[in-house]
**Student:** 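Okay, here's the structure, questions in a sec.
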Amino acid sequence: MNDPRLAVAGLLIGVLVGMTGMGGGSLMTPILIFLFNFNPAVAVGTDILHGAVFKSFGAVRHRRLGTVKARLGCWMLLGSAPMSLVGVWTTTFLTRRYGEGVDSVQGKVLGYTLIVGGLAFLAKALTHRTGSVVEMGRPSRRDRIVAIAIGSVGGFVVGLTSVGSGTLFALAMLIAFPLAARSIVGTDIFHAAALLWVAGFGHLIAGNVELRAIAWLLLGSIPGVLIGSQVSVGVPERTLRFALAGALCLSGLKLLEVPYANVIVTVTLVAGLGALAVWGLVRFFRREGSDGSGEHAKSPAHLDHSTSPTKAAEEPARGATR
């Protein structure tokens, strides 16, 4: 499929994922189905393999920025990779046994979970101030057990519902580990990229991938995720946590297919990107203003003023000599 609009969709999703680590699967799959008339199975497969590629770029960028807890991500992957395959097998079995209605029920359960989790996290962000990034170092035995458990449950749900590779794990890490939001985002993208490669190859072998559409999506999503990754480090901690909570709730609304969900998500994304652009411009001009004041401080008048105390000190010395 050759449609340049796919690049625009990829850019928007890339920025969102780069900033928050979530929302990619929950939003991209419906976009492919409703706006580009993709077959649902092909939309899921294309979205998963596309997510594996562009999230890998985001993971590398976050790693260089120092916001990835790689050991923690690898321990989660130890549980999520095999359980995602179990989830795929379970979905196939249930669909053959009970029909397509199984996917609808699973999506609704996940949607309610995400909304409740997003609201709870929003309340936490409003009532608690966050500190600096916690340096976990080598995960303890408790951390490893919790990480494998999170990976196992989350991987099974991702395989079962085809969404939530970023959202579910971000929510679980927020609850289980005392990490700053930017470390949650970086580790989440790192783990999701690895997990999606496992599922993506499975869909590629099954023939559920539109490679030309992936090429167009990557034209927008790769620069988008790199921009979003950089922004997530510069945005204040509390603001980033609000963005995480918003992404959780929007993903839940989309999965529940509430009335006007597409309008709500679109308006929110546009408003968020607009606010991000304004924030970036304000920060840029403030930086320019500070640079200008710094140069003014080094002006000749300042230098003359700075040497005046020395001259003043020399005058009494000369008088004493006389």
**Student:** So do Val209 and Ile214 actually touch side chain to side chain, heavy atoms under 4.5 Å?
**Tutor:**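 Yes, at least one pair of side-chain atoms sits under 4.5 Å.
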**Student:** Using the salt bridge (charged side-chain N to carboxylate O under 4.0 Å, His left out) criterion, which residues pair with Arg64? Sequence neighbours excluded.
**Tutor:**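 Counting only residues at least two positions away or on another chain, Arg64 forms no salt bridge (charged side-chain N to carboxylate O under 4.0 Å, His left out).
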**Student:** How does the hydrophobic cluster around Phe190 look, that is, which other residues are in it when side-chain heavy atoms under 4.5 Å mark a link?
**Tutor:**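 Noted: Phe190 shares its cluster with Val68.
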**Student:** What is the distance from atom CE of Met28 to atom CG of Leu12, rounded to the nearest 0.5 Å?
**Tutor:**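 Reported value, rounded in 0.5 Å steps: 8.5 Å.
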**Student:** Answer yes or no: is there a donor N or O on one side and an acceptor on the other, between the side chain of Ser221 and the main chain of Leu11, under 3.5 Å?
**Tutor:**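 Side chain of Ser221 to backbone of Leu11: no pair is present.
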**Student:** So Pro223 and Leu226, do their side chains get closer than 4.5 Å, heavy atoms only?
**Tutor:**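 A side-chain contact is absent here, since even the closest heavy-atom pair is not under 4.5 Å.
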**Student:** Give me the atom names and distance for the closest heavy-atom approach of Ala52 to Trp197.
**Tutor:**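 Looks like O-NE1, 3.3 Å.
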**Student:** Is it the case that one hydrophobic cluster holds both Ile145 and Ile148, taking links as side-chain heavy atoms less than 4.5 Å apart, direct or via other members?
**Tutor:**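 Ile145 does not cluster with Ile148.
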**Student:** State whether the number of non-hydrogen atoms from other residues, nucleotides or ligands found under 6.0 Å of Arg141 atom CZ is greater than 12.
**Tutor:**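 Incorrect, the count does not exceed 12.
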**Student:** Which pair of heavy atoms, one from Phe54 and one from Val225, lies closest together, and at what distance?
**Tutor:**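 Looking at all heavy atoms of both residues, the closest pair is O-CG1, 3.5 Å.
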**Student:** Apply side-chain hydrogen bond (donor to acceptor under 3.5 Å, both in side chains) to Ser80 and list each qualifying residue two or more places apart in sequence or on a separate chain.
**Tutor:**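 Ser80 satisfies side-chain hydrogen bond (donor to acceptor under 3.5 Å, both in side chains) with His191 once adjacent residues are dropped.
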**Student:** According to ring-ring contact (aromatic ring centres under 6.0 Å, His included), who are the partners of Trp75, at least two apart in sequence or on a separate chain?
**Tutor:**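 Expected list: none.
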**Student:** Side-chain contact, heavy-atom cut-off 4.5 Å: Met76 with Met173?
**Tutor:**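 In short, these two side chains touch, coming nearer than 4.5 Å.
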**Student:** Let me confirm one number: the CG-CG distance from Leu49 to Leu217, rounded to the nearest 0.5 Å.
**Tutor:**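 Rounded to the nearest 0.5 Å, the CG-CG separation comes out at 10.5 Å.
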**Student:** Is Val60 reachable from Val53 through a run of I, L, V, M, F, W or Y residues, each pair having side-chain heavy atoms under 4.5 Å apart?
**Tutor:**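 Looking at the clustering, Val60 is in a separate group from Val53.
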**Student:** When you compare the side chain of Leu204 with that of Leu211, does any pair of heavy atoms fall below 4.5 Å?
**Tutor:**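 Yes; the side chains approach each other to less than 4.5 Å.
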**Student:** Do the non-hydrogen side-chain atoms of Phe169 and Ile184 ever get within less than 4.5 Å of each other?
**Tutor:**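 A side-chain contact is absent here, since even the closest heavy-atom pair is not under 4.5 Å.
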**Student:** Quick one: does Leu196's side chain get under 4.5 Å of His50's, heavy atoms only?
**Tutor:**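 Side-chain contact under 4.5 Å: no.
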**Student:** State which residues pass side chain to side chain contact (heavy atoms under 4.5 Å, CB included) with Leu219; sequence neighbours excluded, sorted by chain then number.
**Tutor:**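 Residues passing side chain to side chain contact (heavy atoms under 4.5 Å, CB included) with Leu219: Ala7, Trp216.
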**Student:** Using atom types as modelled and distance alone, determine if a side-chain donor or acceptor of Ser84 lies under 3.5 Å from a backbone N or O of Ala81.
**Tutor:**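 Looks like yes, one N/O pair under 3.5 Å.
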**Student:** For Ala213 and Thr46, work out which heavy atoms get closest and say how close.
**Tutor:**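 The pair with the smallest heavy-atom distance is CB-CG2, 4.4 Å.
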**Student:** Could you tell me which non-hydrogen atom of Pro139 sits nearest to which non-hydrogen atom of Leu72, and how far apart they are?
**Tutor:**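 Scanning both residues completely, I find the closest heavy atoms to be CG-N, 4.2 Å.
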**Student:** Show the nearest heavy-atom pair for residues Ser183 and Lys69, with the distance to one decimal.
**Tutor:**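 Minimum heavy-atom separation between Ser183 and Lys69: OG-CE, 3.9 Å.
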**Student:** For the CD1 atom of Ile175 and the CD1 atom of Ile150, what is their distance to the nearest 0.5 Å?
**Tutor:**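 Taking CD1 in Ile175 and CD1 in Ile150, the distance rounds to 8.5 Å.
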**Student:** So, using side-chain hydrogen bond (donor to acceptor under 3.5 Å, both in side chains) as the criterion, who are the partners of Arg63 when residues are at least two apart?
**Tutor:**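 Arg63 satisfies side-chain hydrogen bond (donor to acceptor under 3.5 Å, both in side chains) with no other residue.
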**Student:** I need the minimum non-hydrogen distance between Ala43 and Phe38, along with the two atoms involved.
**Tutor:**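 Closest pair (atom of Ala43, atom of Phe38, distance): CB-CB, 3.9 Å.
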**Student:** Using only atom types and a distance under 3.5 Å, with no angle test, would you say the side chain of Asp188 pairs donor to acceptor with the backbone of Val185?
**Tutor:**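 Not at all, since once roles are kept as given, no pair shorter than 3.5 Å links the two residues.
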